[in-house]
Amino acid sequence: MASSMLNGAENLTLIRGITPHGLGSIKSDLHGKQFPRLNLVSCGQNLNARTQAPRCSLSASGPASQLRFIQHKKEAFWFYRFLSIVYDHVINPGHWTEDMRDEALEPADLSDRKMLVVDVGGGTGFTTLGIVKHVDAKNVTILDQSPHQLAKAKQKEPLKECKIIEGDAEDLPFRTDYADRYISAGSIEYWPDPQRGIKEAYRVLKLGGKACVIGPVYPTFWLSQFFADVWMLFPKEEEYIEWFEKAGFKDIKLKRIGPKWYRGVRRHGLIMGCSVTGVKPASGDSPLQLGPKAEDVTKPVNPFVFFLRFILGAMAATYFVLIPIYMWLKDRIVPKGRPI
């Protein structure tokens, strides 16, 4: 990930040895499966002034196949059993504000109130509240594996007409070519196999439908990297692009987001750090062929190992609860215009 300092949720353009024209998000016109050379070009308000950012590192994070402690479905289920109690009041204010939500949903192009939308990993319905500003609630389905999170969503008056179902992001209960829009915010970090989840997003969309995945980005600061690798999946920006490409999506774009008081700082990673979109170019299932699932949820779990993993993962999560407070204090102390 480029280590350049950004102001707010500045957009970037992903290129291969070419200069982008105009202001845009990270955009992929790539047809190959590898990323031999990735450059991030920062585009400021002056469209004629472009600053070359450092080349992305492709070796910063561990492989997505190495499951973190709360990336397993069973640990994630119990993690949210307790987190759902305070999620909207403690977690969201530090990591996923209403302004961030609305900015992240903008690339999804929710332009018609009659669209069929699936909100995968919808949890307490916080993201869904942003969706129903643009789409009739009766046309929106909220899916999550956590009944405790969904119970919170059911209590929200604007979501009363939404369909609310339990389900698995890697095995969606929707027919092929079903939805106009696929939205998933704050969920991919708990998928044992992110590529399989993106493949499912492709399958359930109609021809020309758009997927929008909003999720974490991997830190560059060593201590934050340690806790990220213990807790859950923090993908790199180019990994999102690659997953979308392999699934078959076209016109892939990535938009950076983050809390305003971070002043664009991304070295500690972000639980909600980017919004990635892609368009389905053909009807039917994804052309990508995958093997068996990364995790068998029917397999018995050693209770001691489960408990140990859960405790260690929860401790790592605490670090990321404290980071927004730390950044908020720095934003108040350090004069505006100076890096924090």
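What you see is a predicted model, and the numbers here were worked out from it, not measured in a lab.
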Measure the spacing between [atom1] of [X] and [atom2] of [Y] and express it to the nearest 0.5 Å.
| X | Y | atom1 | atom2 | answer |
| --- | --- | --- | --- | --- |
| Trp96 | Leu270 | CH2 | CG | 11.5 Å |
| Asp144 | Leu150 | CG | CG | 5.0 Å |
| Leu288 | Arg203 | CG | CZ | 13.5 Å |
| Arg267 | Tyr262 | CZ | OH | 10.5 Å |

Flag if over 12 foreign heavy atoms under 6.0 Å of [atom1], [X]:
| X | atom1 | result |
| --- | --- | --- |
| Arg332 | CZ | yes |
| Lys163 | NZ | yes |
| Lys160 | NZ | yes |
| Lys336 | NZ | yes |

Is there a donor-acceptor pair under 3.5 Å between the side chain of [X] and the backbone N or O of [Y]?
| X | Y | answer |
| --- | --- | --- |
| Glu170 | Arg196 | no |
| Asp251 | Gly278 | no |
| Asp136 | Lys138 | no |
| Ser184 | Val120 | yes |
| Ser146 | Gln149 | yes |
| Lys199 | Ser286 | no |
| Lys152 | Lys156 | no |
| Thr128 | Ile131 | no |
| Trp191 | Ile198 | no |
| Gln225 | Pro219 | yes |

Checklist entry - How about Phe320 and Tyr326: are their ring centres within less than 6.0 Å of each other? => result no

Considering non-hydrogen atoms only, spot the tightest contact between [X] and [Y] and give its length.
| X | Y | value |
| --- | --- | --- |
| Met272 | Ile214 | SD-CG2, 3.9 Å |
| Phe244 | Thr277 | CE2-C, 3.8 Å |
| Ala104 | Ser275 | O-OG, 2.7 Å |
| Tyr218 | Lys236 | CB-CG, 4.0 Å |
| Arg113 | Asn139 | O-ND2, 3.2 Å |
| Pro281 | Val279 | CD-O, 3.3 Å |

Sidechain N-carboxylate O distance under 4.0 Å for [X], [Y]:
| X | Y | value |
| --- | --- | --- |
| Glu106 | Lys255 | yes |
| Lys246 | Glu242 | yes |
| Glu237 | Arg266 | yes |
| Lys133 | Asp102 | yes |
| Asp180 | Lys210 | no |
| Asp99 | Lys260 | yes |

Taking [Y] as the starting point, is it possible to reach [X] by hopping between hydrophobic residues whose side chains are less than 4.5 Å apart?
| X | Y | value |
| --- | --- | --- |
| Phe234 | Leu223 | yes |
| Trp222 | Met327 | yes |
| Ile252 | Leu207 | no |

Are the side chains of [Y] and [X] in contact, using a 4.5 Å heavy-atom criterion?
| X | Y | value |
| --- | --- | --- |
| Ile165 | Ile142 | no |
| Leu159 | Lys154 | no |
| Leu143 | Val118 | no |
| Thr141 | Cys162 | no |
| Phe126 | Glu98 | yes |
| Val334 | Arg263 | yes |
| Ile241 | Phe249 | no |
| Ile188 | Pro216 | yes |

Next on the checklist: Is there a side-chain contact (heavy atoms from CB on, under 4.5 Å) between Arg101 and Leu129? Walk through the geometry before answering.
Outcome noted: CA-CA 9 Å; Arg101 176 191 66 193; Leu129 290 173; 3.6 Å; yes

Item to check | Parallel, tilted or perpendicular, as decided by the 30° and 60° cut-offs, for the rings of Trp243 and Tyr240 | outcome: perpendicular

Checklist entry - Tyr319 vs Phe227 aromatic rings, parallel, tilted or perpendicular, using cut-offs 30° and 60°? => result parallel

Next on the checklist: Could you go through Leu105 and Thr127, starting from their C-alpha distance and side-chain angles, then the distance that decides it, and tell me whether this counts as side-chain contact (heavy atoms from CB on, under 4.5 Å)?
Outcome noted: CA-CA 9 Å; Leu105 287 174; Thr127 302; 4.2 Å; yes

Checklist entry - What's the verdict on side-chain contact (heavy atoms from CB on, under 4.5 Å) for Val204 and Tyr182, showing C-alpha distance, side-chain angles and the deciding distance? => result CA-CA 8 Å; Val204 303; Tyr182 169 104; 4.1 Å; yes

Item to check | Check against side-chain contact (heavy atoms from CB on, under 4.5 Å), Leu116 and Arg181 | outcome: CA-CA 7 Å; Leu116 286 179; Arg181 294 291 184 271; over 6 Å; no

